[in-house]
Amino acid sequence: SSTLTLLFVLLGTLCSFIYFFSSPNRNKNGRKLPPGPAPLPIVGNIHMLGDLPHQSLHYLAKKYGLIMSIMLGKVPTIVVSSPEAAELFLKVHDVVFASRPKVQSAKYFSYGGKAMAFTQYGSYWRTVRKWSILHILSASKVECFAPIRKAEVGLLVESVRKVAAAGETINLSQAVAKVLEEMMSKVLFGRSMDDKIDFKPLVNEAMHLAGVFNLSDYVPFLAPLDLQGFTRRLKKVSSGLHDFFDKMIDEYQQGINMDDQKPYRNFFQVMVSLLDTPMNPNDEDQPYIVGRENIKAIMVDMVAASFDTTTTAIEWAFTELLRHPRVMVALQKELESVIGRNRMVEESDLPKLAYLDMVIKESLRLHPVAPLLVPHESTEDVTVNGYFIPKKSRLLVNTWSMGRNPKIWSSNAEEFFPERFKDRKIDLRGHDFELIPFGTGRRGCPGMQLALISMRLILAQLAHCFDWELPDGMLPNELDMTEKFGLSLPRANHLLAKPTYRLIA
Ligand code: HEM
């Protein structure tokens with residue numbers, strides 16, 4: 001037994017030794033990171049994240065605080081879970097945290113950061129962001145695409161009407177995903193991608209790989225072993241996507257699938273027209289010439305940022321409407337009073353739909369599409385709230401946790417109750433830090449206007465044209481609410497429902 005005791009003592013000493021030297025709360029100068037759980041050697045706290053990292057971090061924050069630090073492998077990571085802390089990091093110190101980490105997915109998908117969402121802060125990122133806003137995401141460009149939205153949503157209603165007439169059940173997750181794919185393909189490429197059968201599977205795999213916690217990003221010395229097999233898959237899917245876009249550029253240059261009839265140019269057209277031109281013509285220090293790699297990287301990024309995000313947001317909002325028939329009826333009443341029952345919703349009706357707006361805010365509060373936003377990275381050492389945060393720390397903002405905090409949303413925080421926004425004037429533009437599903441500051445989502453108008457139109461149309469029941473006599477409170485973590489946070493299982501047409505036309 002004395003040998004056993006000695007062994008325990010030795011093990012205990014070893015563990016304390018490891019803890020002491022790898023603890024995130026200490027560093028050589030005695031300056032302190034925010035509090036957090038003790039990390040293990042090599043993996044740090046990665047093992048604590050589980051399948052739903054935003055939820056694990058929510059529970060850890062209850063113990064360690066609203067500004068907490070964890071170690072993802074060797075990477076110090078600050079996890080922020082309150083509006084005040086989010087304001088400190090995303091407003092007061094916005095410029096320090098405005099970069100992105102260099103992750104494997106960006107290395108492969110965007111040739112090491114030649115796109116936007118995972119590109120380091122700097123003039124390249126600024127130019128790409130400017131292009132995307134100028135050509136597709138500004139308010140006036142979003143307005144230009146109204147006919148596309150109208151046509152695609154019209155097709156959705158037609159297809160749901162057929163299902164209703166047959167008394168069948170519809171897979172709403174798939175139906176909504178299809179509309180968003182069509183709408184965004186037409187905005188980005190001026191055409192449907194429906195005939196390009198390789199495209200969607202490639203995009204799905206890319207979305208999945210861009211969202212996973214890849215050990216190689218945090219423990220670089222393990223990267224060559226590719227223990228999770230992600231590197232192999234990343235290489236395969238990114239070369240598939242790049243070949244795909246190479247063919248599209250070739251076709252375009254040969255005049256195939258040109259789309260010059262429209263009153264606006266699609267984004268792909270704009271990008272190809274910039275090929276071989278200087279990126280910043282007025283900047284002599286930046287003689288960067290736009291090449292194929294840039295165009296391919298930017299297109300992959302725009303597809304990844306736009307296809308699934310809005311779909312997921314609509315899917316959750318509709319789930320909540322089905323789970324709360326009272327709210328569905330209240331929304332239908334609003335739609336009837338503004339539009340009546342003799343015609344379909346038009347985009348010009350949307351600004352009058354105040355209750356719909358509250359439904360959307362309430363759904364994004366409980367189901368933020370990017371629960372931890374997109375990881376930010378700091379570009380210099382900084383002291384925030386008395387904590388020392390070294391350069392190249394990662395920042396995760398847990399909007400999911402903020403959305404469920406009773407101190408912010410009162411004791412009914414977990415309840416879906418759109419009326420809470422009646423007296424509480426909160427908008428989604430990033431000024432109100434308690435609700436920032438689109439992020440805020442320099443890295444805030446540039447696609448917010450496009451996303452919101454698409455959400456409003458599709459939700460309004462579905463609630464206005466149809467009454468809905470759950471399949472097989474399922475009760476609203478039996479609806480499955482399981483989440484699946486990835487680049488976005490969709491339902492784990494598809495949403496099914498039974499429509500009945502309700503307009504008098
Ligand atoms: C970034 C949310 C739709 C393009 C982001 C971020 C969030 C977000 C949280 C990261 C902010 C941060 O890091 O602080 C959403 C939600 C959407 C949506 C909830 C739908 C409901 C779209 C759409 C586009 C888009 C339709 C159109 C192309 C982007 C891009 C970035 C981004 C390019 C990266 C910005 C950068 O790093 O500078 N979005 N988004 N998003 N979003 Fe969206």
Side-chain angles (χ1 to χ4, degrees), residues 54 80 86-87 89-91 94 97-101 103 106 110 113 115-122 124-138 141-142 145 149 176 179-181 183-185 187-189 207 210-211 266-268 297-317 360-361 363-377 394-400 402-403 428-430 433 435-459 487-490:
H54 57 294
V80 154
E87 184 163 0
F89 284 85
L90 297 177
K91 187 174 173 189
D94 183 26
F97 290 94
S99 204
R100 301 281 194 213
V103 289
S110 55
M116 182 190 345
F118 280 96
T119 295
Q120 278 68 62
Y121 185 62
Y124 184 90
W125 161 80
R126 204 171 291 114
T127 305
V128 178
R129 196 170 159 112
K130 193 180 71 190
W131 282 344
S132 73
I133 292 172
L134 191 67
H135 298 296
I136 51 172
L137 301 175
S138 68
K141 277 288 159 9
V142 169
F145 302 129
R149 288 190 290 275
V176 171
V179 189
L180 261 304
E181 274 161 45
M183 273 177 12
M184 284 313 303
S185 296
V187 168
L188 292 172
F189 305 104
M207 291 289 295
N266 66 66
F267 196 53
F268 185 67
I298 293 167
M299 294 320 291
V300 173
D301 218 38
M302 297 309 279
V303 166
S306 67
F307 272 37
D308 259 22
T309 42
T310 316
T311 304
T312 299
I314 295 174
E315 202 188 20
W316 279 120
I360 288 174
K361 281 180 191 158
S363 183
L364 288 169
R365 177 181 76 85
L366 289 170
H367 309 286
V369 171
L372 301 171
L373 301 181
V374 175
H376 290 229
E377 190 181 85
R394 217 154 282 196
L395 171 69
L396 304 176
V397 178
N398 198 342
T399 56
W400 188 92
M402 281 154 55
L428 291 167
R429 277 177 293 179
F433 285 82
L435 193 65
I436 47 168
F438 293 95
T440 175
R442 286 171 169 75
R443 285 288 184 166
C445 177
M448 184 176 71
Q449 294 305 336
L450 182 57
L452 282 175
I453 202 157
S454 314
M455 275 189 86
R456 287 187 187 118
L457 185 63
I458 293 174
L459 286 167
L487 193 60
S488 68
L489 187 70

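Note that the numbering runs from 1 along the sequence shown for the chain. Ligands are counted one by one from 1 in listed order, and the atoms in each one are counted from 1 as well.
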Taking it one step at a time, do Val303 and Phe189 satisfy side chain to side chain contact (heavy atoms under 4.5 Å, CB included)?
CA-CA 10 Å; Val303 166; Phe189 305 104; 3.8 Å; yes

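- Scanning the protein heavy atoms around atom 30 (C) of ligand 1, the nearest turns out to be Pro446 CD, 3.5 Å.
- Some N or O of Arg443 is nearer than 3.5 Å to an N or O of ligand 1, by distance alone.
- When heavy-atom distances to ligand 1 are checked against a 4.0 Å cut-off, Met184 has no atom that comes that close, whether in backbone or side chain.
- If you number the atoms of ligand 1 from 1 as listed, the ones under 4.0 Å from a heavy atom of Val369 come out as 19 (C).
- Under a 4.0 Å criterion applied to the non-hydrogen atoms of Ala117, ligand 1 contributes the atoms 34 (C), 37 (O).
- Closest to atom 3 (C) of ligand 1 by heavy atom, among Thr309, Leu90, Ile360, is Thr309.
- By the criterion of a heavy-atom distance under 4.0 Å, both the backbone and the side chain of Val374 are placed next to ligand 1.
- When hydrogens are left out, the protein atom nearest atom 35 (C) of ligand 1 is Arg129 NH1, 3.5 Å; that is the closest non-hydrogen contact.
- Looking only at protein heavy atoms, the nearest one to atom 14 (O) of ligand 1 is His376 NE2, 2.8 Å.
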Could you walk me through whether Met183 and Thr310 pass the side chain to side chain contact (heavy atoms under 4.5 Å, CB included) test, one step at a time?
CA-CA 11 Å; Met183 273 177 12; Thr310 316; over 6 Å; no

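- Protein heavy atom nearest atom 4 (C) of ligand 1, with residue, atom name and distance: Ala305 CB, 3.5 Å.
- Although no hydrogens or angles enter the test, the distance criterion places a donor-acceptor pair under 3.5 Å between the side chain of Gln120 and the main chain of Arg100.
- Listed by chain and residue number, Glu87 satisfy the salt bridge (charged side-chain N to carboxylate O under 4.0 Å, His left out) test with Lys91 (two or more places apart in sequence, or in another chain).
- Protein heavy atom in closest approach to atom 24 (C) of ligand 1: Gly447 CA, 3.7 Å.
- Side-chain N or O atoms of Ser99 include one that pairs as donor or acceptor with a backbone N or O of Tyr121 at under 3.5 Å.
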Before giving the answer on side chain to side chain contact (heavy atoms under 4.5 Å, CB included), spell out for Ile360 and Arg456 the whole-Å C-alpha distance, their side-chain angles and the decisive distance to 0.1 Å.
CA-CA 8 Å; Ile360 288 174; Arg456 287 187 187 118; 3.6 Å; yes

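- The protein heavy atom nearest to atom 16 (C) of ligand 1 is Phe438 CE2, 3.3 Å.
- For the pair Thr440 and ligand 1, the shortest N or O to N or O distance does not fall below 3.5 Å.
- Under 4.0 angstrom from ligand 1, there are no non-hydrogen atoms of Met448.
- Remark: side-chain polar atoms of Arg149 are paired, donor with acceptor, to backbone N or O of Val142 under 3.5 angstrom.
- Judged by distance alone, with hydrogens and angles left aside, the side-chain atoms of Ser488 form no donor-acceptor pair with the main-chain N or O of Ala370 at under 3.5 Å.
- Of the heavy atoms in Trp125, only side-chain atoms (C-beta onward) come closer than 4.0 Å to ligand 1.
- With respect to atom 33 (C) of ligand 1, the closest heavy atom belonging to the protein is Met116 CE, 3.5 Å.
- In terms of polar-atom proximity, defined here as any N/O pair under 3.5 Å, Thr310 makes no such contact with ligand 1.
- What you find for Val369 and Ala313 is that their closest heavy atoms are CG2-CB, 3.6 Å.
- Relative ring orientation between His135 and Phe267 is described as tilted, the plane-to-plane angle lying within the 30° to 60° band.
- Below 4.0 Å from some heavy atom of Pro437 lie the following atoms of ligand 1, by number and element: 2 (C), 9 (C), 19 (C).
- Although no hydrogens or angles enter the test, the distance criterion places a donor-acceptor pair under 3.5 Å between the side chain of His376 and the main chain of Phe97.
- Between Leu90 and Leu373, some side-chain heavy-atom pair lies under the 4.5 Å cut-off.
- The single protein non-hydrogen atom nearest to atom 41 (N) of ligand 1 is Cys445 SG, 3.0 Å, given as residue, atom name and distance.
- Of all atoms in ligand 1, listed by their number and element, those nearer than 4.0 Å to a heavy atom of Met302 are 28 (C).
- For the pair Met184 and Met302, the minimum side-chain heavy-atom distance is 4.5 Å or more.
- Proximity to Ala451 (heavy-atom distance under 4.0 Å) selects the following atoms of ligand 1: 3 (C), 20 (C), 21 (C).
- Polar contact check, Ser306 against ligand 1: no nitrogen or oxygen pair lies under 3.5 Å apart.
- Against a heavy-atom cut-off of under 4.0 Å, Ala313 is close to the following atoms of ligand 1: 21 (C).
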Check the pair Phe438, Leu452 against side chain to side chain contact (heavy atoms under 4.5 Å, CB included), reporting the backbone distance first and the verdict last.
CA-CA 10 Å; Phe438 293 95; Leu452 282 175; 4.0 Å; yes

